[in-house]
Amino acid sequence: MNKFRMLPPLLGLAFLLAGCGDSRPAETVRLVTYNAGTFNKYIADDYPLVAEMMREVGADAVCLNELDSCTTRTGGVFQLERIARAMGGWDYRFGRAMPYRGGSYGVGVMTRERILDHFTVALPRGEGAEPRVLTVVELARYVIATTHLDHTSAAAQRDQVAVINRVMRERYAEASKPVFLGGDLNALPDSGTLRALQEAWTVLTPTDGGTYPSHDPKKCGVTSETAGARVLHRFEAGDAARASDHLPVLLEIRLPAES
């Protein structure tokens, strides 16, 4: 059975990698997963700060959680479009988890490269607090997905993971491209949620430091021996602890160069 590889978590995050057997020279791609906390949590208009943070680490694709789309809570802004525009016009796809305050709330992915295809899958709520989704985008050389698992119920998390594993196996078990999953899993490394994910995914990111809360991170993600993966604590652009209540996680991965 093919196993995917996972990036890190914000409280248990994953980036996965499915088969990639191309022998062309490799190049480094930088993937980030980040719970943005609906932006502007501590300071007004932090889109420029977050964009500069992502430029500073050379991100090529960013998985984003806790996004508002046109809600009264955050001034009617389509947040994913706003941050993608701040990145210089990156491509992006939003996954609507639920209606919220005149708009919607969910997750998204923004990428330096053009997105070729995408889809969103509703995850079972079960006894959890609110609806959750998986959003997947396909690029020329790899697939990247994001999710935000329930934060109140381990049983709901496991049901959500079962759907993620099944859908991604059905779509990508024989994929010729690497497949990555990033997101806020709301789970610790020794949890049943992470064990269920590891039935289908290989964890790529380290968690020698926590990712939440951002001002004094104690909760961490998945342990990994992968080189070039780390929690991002310090930026010349500004204080990451004032941008969100979570810290971003970076994965550097070697992919075959474009032909």
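On a predicted model such as this, the values are computed, not experimentally measured, just so you know.
Scanning all heavy atoms of the two residues, the minimum distance from E127 to A155 falls at OE2-CB, 3.8 Å. In this structure, V32 and V57 approach most closely via the heavy-atom pair CG2-CG2, 4.2 Å. Among all heavy-atom pairs drawn from L80 and G108, the shortest one is CD2-CA, 4.0 Å. The two atoms that bring G128 and S153 nearest to each other are CA-CB, 4.2 Å, heavy atoms only. Pairing each heavy atom of A145 with each of M168, the nearest pair is CB-CE, 4.3 Å. Closest approach of L185 to L149, counting heavy atoms only: O-CB, 3.6 Å.
With respect to the salt-bridge test (charged N to carboxylate O, under 4.0 angstrom), the residues E170 and R166 qualify.
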**Study point:** Verdict with reasoning, R112 to D60, per salt bridge (charged side-chain N to carboxylate O under 4.0 Å, His left out)
**Key:** CA-CA 5 Å; R112 185 187 303 273; D60 293 293; 3.0 Å; yes
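Considering only residues two or more places apart in sequence or on other chains, D150 meets the side-chain hydrogen bond (donor to acceptor under 3.5 Å, both in side chains) condition with T152. Not counting sequence neighbours, D159 has no partner by the salt bridge (Lys or Arg N to Asp or Glu O under 4.0 Å) test. For the side-chain contact (heavy atoms from CB on, under 4.5 Å) test, residues two or more places apart in sequence or in another chain that qualify with A97 are V133. For Q160, the side-chain hydrogen bond (donor to acceptor under 3.5 Å, both in side chains) test picks out no residue, with sequence neighbours left out. For E81, the side-chain contact (heavy atoms from CB on, under 4.5 Å) test picks out F78, R85, Y92, with sequence neighbours left out.
Considering NE2 of H148 and CG of L64, their distance stands at 12.0 Å, rounded to 0.5 Å. In this structure, OG1 on T111 lies 8.0 Å from CZ on R93, to the nearest 0.5 angstrom. The CG atom of D46 sits 4.5 Å away from atom CG of N40, with the distance rounded to the nearest 0.5 Å. Going from atom CG of N35 over to atom SG of C63 covers 12.0 Å, rounded to the nearest 0.5 Å.
Pairs engaging residues 68-78 under the salt bridge (charged side-chain N to carboxylate O under 4.0 Å, His left out) rule: D68-R73 [sequence neighbours left out].
Cluster membership for Y100 and L67, using ILVMFWY side-chain heavy atoms within less than 4.5 angstrom, is not shared. Put simply, L139 and L251 are part of the same group of oily side chains (I, L, V, M, F, W, Y) that touch within less than 4.5 Å, one to the next.
The side chain to side chain donor-acceptor pair (under 3.5 Å) test with T146 singles out one residue from N65, T135, D184, and that residue is N65.
One N or O on the side chain of R125 and one on the backbone of A129 form a donor-acceptor pair closer than 3.5 Å.
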